Protein chains: 2
Amino acid sequence: MSEPEWRTVRPVRTHEQVLTQIQQKILDGRLRVGDRLPSERELGEALGVSRNSVREALRVLESMGILSAQVGSGRDAGSTVAGRSTAALSNLLRLHMALSQFSLEDLVDVRIELERLAVVRAAAGADVGDLERLRALTRAMAEPGMDYERFHELDSEFHIALTRASDNALATDLMQALRDAVKGEMIAAFRRVRDWEVMVSTLTEEHLAILRAVEAGDGKEAAELVTQHIKGFYAAVGDAPE
Amino acid sequence: MSEPEWRTVRPVRTHEQVLTQIQQKILDGRLRVGDRLPSERELGEALGVSRNSVREALRVLESMGILSAQVGSGRDAGSTVAGRSTAALSNLLRLHMALSQFSLEDLVDVRIELERLAVVRAAAGADVGDLERLRALTRAMAEPGMDYERFHELDSEFHIALTRASDNALATDLMQALRDAVKGEMIAAFRRVRDWEVMVSTLTEEHLAILRAVEAGDGKEAAELVTQHIKGFYAAVGDAPE
DNA sequence: GGTAGCCTGTGGTTGGACCATAAGCACTGG
DNA sequence: CCAGTGCTTATGGTCCAACCACAGGCTACC
């Protein structure tokens, strides 16, 4: 009979255990959007843990967009489970990009696939409001004297709206996060363009063509157009998209 | 001369300012992977802030996989900038799924697109090691007496390896996160399968076919196969993929 | 020369204190 | 009677001081 295999114990930090318990409640569905958590002091007492440890766990969840905290007293005070936060995802991707986890090229490839998915779905039947929004955006982009910042904003909105029209929340959030994460690079790329006016009108024309294909219900054509649109842009702004 | 417009002041929390400063250093490239931060005490003093506030910021960054902390003294002690953490992304997606931000259907659609991208890229030229790994996984899956948990693990590894063969780090991490996020649902789906043995052999056969297409350099065929593979599975386990 | 034990710097944790906020409540003056 | 004003209370936000466990380096002893 041999020595029983010793497993090295890993230190389990208190705030991580708090985090785990809260996360588990969310995963189990015992905590839903809108629910209110006990106060930091109560939670600490209930878990037999200091308020600081509780706070560290709550701050983490807050940074993930899972919780939101309000001071004061009454119904709305305290930590509540909050949904809808693309910001956390964007932030995460942006930081990981800065740490060179992902290359711009990787990101463009993923983006193309997401947009192809989006336009195919959108062409199959998009909401009227979404289409109207897309039309309004193309009109706005056609206005003269567009500066880099403003154009990027409209361009992003167009592509995000395109994804939203596909009725896929995950794809929409990912697209938003991706656009957000590369905002700086995009604007820098705009500056490198020789003839800005021409670029703006070219891109806007392509947007219009994509939109027309979607409205016509031609998903295949829209997918091709959107692919060329994105690839063409990156080819134009830098053969070496560093 | 009218009243100057009053702008409501937003409370700026200390730990958020700490967070912002560190993030900015990362985004500016002033902090890179492997760099070591000042100790919590020093950082607090340098920022004119309590150690608690510093800790809350550091814990948040740690939860995002950006930092890692080691106790003790010497070179390796303290907080260092760490790259490579898919766990944070998975966790974020899983929690948001639990809060019904994303439906399983959305996720499957995104997954299909990512895998199509992956196999096309992989077919165009995959690393020999990646292909060998994929072959090994198909062999492992063909072994008799596969239980749900084990099969899911191998299945996930196969699809992640497929993505890795495409040499797109973002797509790989997203795939890992997506698989991770739906692990529970997947195993539950496996349990619903009437003839498990048949399902295993069917899926494994399909894996082999996909792998063969990739090895043959036929990206288009591989993309079709992988799409059918995924759609087929979800159609089989539940007409209503709740 | 090796090693046991001390020293020091690190994150981990706790408890207590104080602040600003915001909601509810009671009192007060018209 | 009632409007307004302050008090009370519960909350998150912040800070401080202390202690612990850990890990590496150093030193003095054998």
Side-chain angles (χ1 to χ4, degrees), chain A residues 6-23 31 34-82 85 88, chain B residues 6-23 31 34-82 85 88:
Chain A
W6 294 106
R7 283 194 314 139
T8 62
V9 299
R10 245 200 331 151
V12 186
R13 293 133 90 195
T14 310
H15 79 263
E16 282 184 351
Q17 298 184 58
V18 177
L19 193 54
T20 305
Q21 285 208 34
I22 300 176
Q23 284 185 346
L31 274 178
D35 286 357
R36 193 179 145 192
L37 271 70
S39 76
E40 297 180 351
R41 291 170 176 87
E42 281 176 42
L43 208 44
E45 196 168 355
L47 295 167
V49 136
S50 81
R51 191 177 156 207
N52 263 338
S53 297
V54 172
R55 277 185 64 84
E56 286 178 14
L58 294 183
R59 279 337 115 219
V60 166
L61 288 168
E62 204 180 332
S63 80
M64 296 196 295
I66 304 291
L67 292 183
S68 102
Q70 286 85 31
V71 302
S73 114
R75 291 175 298 103
D76 297 337
S79 296
T80 54
V81 180
S85 169
Chain B
W6 294 106
R7 283 195 313 139
T8 62
V9 300
R10 242 198 334 147
V12 186
R13 301 184 299 182
T14 310
H15 78 264
E16 282 184 352
Q17 298 184 59
V18 178
L19 193 55
T20 305
Q21 285 206 35
I22 300 176
Q23 284 186 345
L31 273 179
D35 286 357
R36 192 178 144 190
L37 271 71
S39 77
E40 296 179 352
R41 290 169 178 85
E42 281 176 41
L43 208 44
E45 197 167 354
L47 295 166
V49 135
S50 81
R51 193 180 156 206
N52 259 338
S53 298
V54 173
R55 276 184 65 83
E56 286 179 15
L58 294 184
R59 282 333 117 222
V60 166
L61 288 168
E62 206 180 329
S63 80
M64 296 195 295
I66 303 291
L67 293 182
S68 102
Q70 285 84 33
V71 301
S73 106
R75 289 176 297 101
D76 297 337
S79 295
T80 54
V81 180
S85 170

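First the proteins, then the strands, lettered A, B, ... as listed; each starts at 1. Computed from a prediction, not measured in an experiment: that's the story for all the values here.
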In whole angstroms, how far is the [atom2] atom of [N] from the [atom1] atom of [X]?
X: Leu37(A); N: dA10(D); atom1: CG; atom2: P; answer: 19 Å
X: Leu67(B); N: dG11(C); atom1: CG; atom2: C1'; answer: 13 Å
X: Leu19(A); N: dG12(C); atom1: CG; atom2: P; answer: 14 Å
X: Glu40(A); N: dT21(C); atom1: CD; atom2: C1'; answer: 14 Å
X: Asp76(A); N: dA23(C); atom1: CG; atom2: P; answer: 7 Å

Would you say His15(A) places a side-chain N or O within less than 4.0 Å of OP1 or OP2 belonging to dT13(C)?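 For dT13(C), OP1 or OP2 has a side-chain N or O of His15(A) closer than 4.0 Å.
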
Counting side-chain heavy atoms from C-beta on, which of [options] comes nearest to [X]?
X: Val71(B); options: dC22(D), dC15(D), dT13(C); answer: dC22(D)
X: Ala69(B); options: dG11(C), dG12(D), dT11(D); answer: dG11(C)
X: Arg41(B); options: dG11(C), dG13(D), dT13(C); answer: dG11(C)
X: Ser73(B); options: dT8(C), dG12(C), dT14(D); answer: dT8(C)

Run the salt-bridge test on Arg51(A) and Glu42(A) with the 4.0 Å N-O cut-off and return the result as yes or no. no

Could you check whether Glu42(A) gets within reach of a base, just the sugar-phosphate, or nothing at all, counting any heavy atom under 4.0 Å? sugar-phosphate

Within the structure shown, what part of the strands sits under 4.0 Å from Arg55(B) by heavy-atom distance: base, sugar-phosphate, or nothing?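 Base contact.
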
If we ignore angles and hydrogens, is there a donor and acceptor under 3.5 Å between the side chains of Gln70(A) and Ser68(A)?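 Per modelled atom types, Gln70(A) and Ser68(A) side chains form a pair under 3.5 Å.
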
Taking N and O atoms by type only, does the side chain of Asn52(A) place a donor or acceptor under 3.5 Å from a partner on the base of dG12(C)? no

What about Arg51(A), does its side chain sit under 3.5 Å from the base of dG13(D) through a donor-acceptor pair? yes

